[in-house]
Structures are given as C-alpha cells and as structure tokens.
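All heavy atoms count here, side chains included; hydrogens, waters and symmetry mates do not. This chain uses plain numbering: 1 for the first residue, then up along the sequence.
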Amino acid sequence: MSAMKITGVFLLLSLAFLCLANAARQDKIDCSEYKRLQRGRPIYCEKLYQPFCGSDGKTYNNKCTFCKAVLRSRDTLHMRQAGPC
C-alpha cells in the first residue's frame, strides 16, 4: 500500500471518529447553570419552544424545563433526542 493510500485511510478514520464523538456530545445536556440556582429558590423558565425529548418519553418545551426535570429526577432523566418525542 502506498503512503498516500495509508494517509487517506487514516484521514477518513479520523473524520469518522470526530463525527461520532461530536454526536455523542450532543446527547448530553449541560444543566450545571440550573444546579447553582436550585438552592431553595424556584427556577423560572422562558416560554421559548425549543423542545427536548426526555428518556421518560415526555417532550419538554426547552432546555430550562428539561433541566428542571433532570434536577427533580436527581440526574436519572436523560435526553433521548433534541426535538419532540
């Protein structure tokens, strides 16, 4: 095999790995900003519709409402997909 073919295969495998790593990161939502607010104070969410589908099969209106549910579940709730269920 020539060096050019080996380099091409390496680049394709690297690109595939990066795509898979990026897809895995998108399934995880960072709710840390809401954990800081939780200490005895209610969290108020905007009425913005950017839905998230939870592992419980429920569609949450936006990141804020999803993260509130994650906090209530003590981190047992996870995102199934971005968008409605």
Run the side-chain contact (heavy atoms from CB on, under 4.5 Å) check on N61 and C45 step by step: do they pass?
CA-CA 10 Å; N61 286 341; C45 298; over 6 Å; no

Apply side-chain contact (heavy atoms from CB on, under 4.5 Å) to residues L71 and C31 and explain how you reach the verdict.
CA-CA 8 Å; L71 292 172; C31 292; 5.5 Å; no

Main chain of C53, side chain of T59: is a donor-acceptor contact present, judged purely on distance under 3.5 Å?
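Answer holds: no.
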
To check you understand the geometry: which heavy-atom pair defines the closest contact between [X] and [Y], and what is its length?
X   : Y   : answer
F52 : I29 : CE2-CD1, 3.4 Å
S32 : D30 : OG-OD1, 2.8 Å
C85 : G54 : SG-N, 4.0 Å

Student check: side-chain heavy atoms of P51 and N62 closer than 4.5 Å:
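Side-chain contact under 4.5 Å: no.
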
Strictly by side chain to side chain donor-acceptor pair (under 3.5 Å), give each pair with a member in residues 42-58 just once, sequence neighbours left out.
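The answer is D56-Y60.
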
F66 and M79: side-chain contact (heavy atoms from CB on, under 4.5 Å), yes or no, with the steps?
CA-CA 8 Å; F66 176 75; M79 185 180 83; 3.8 Å; yes

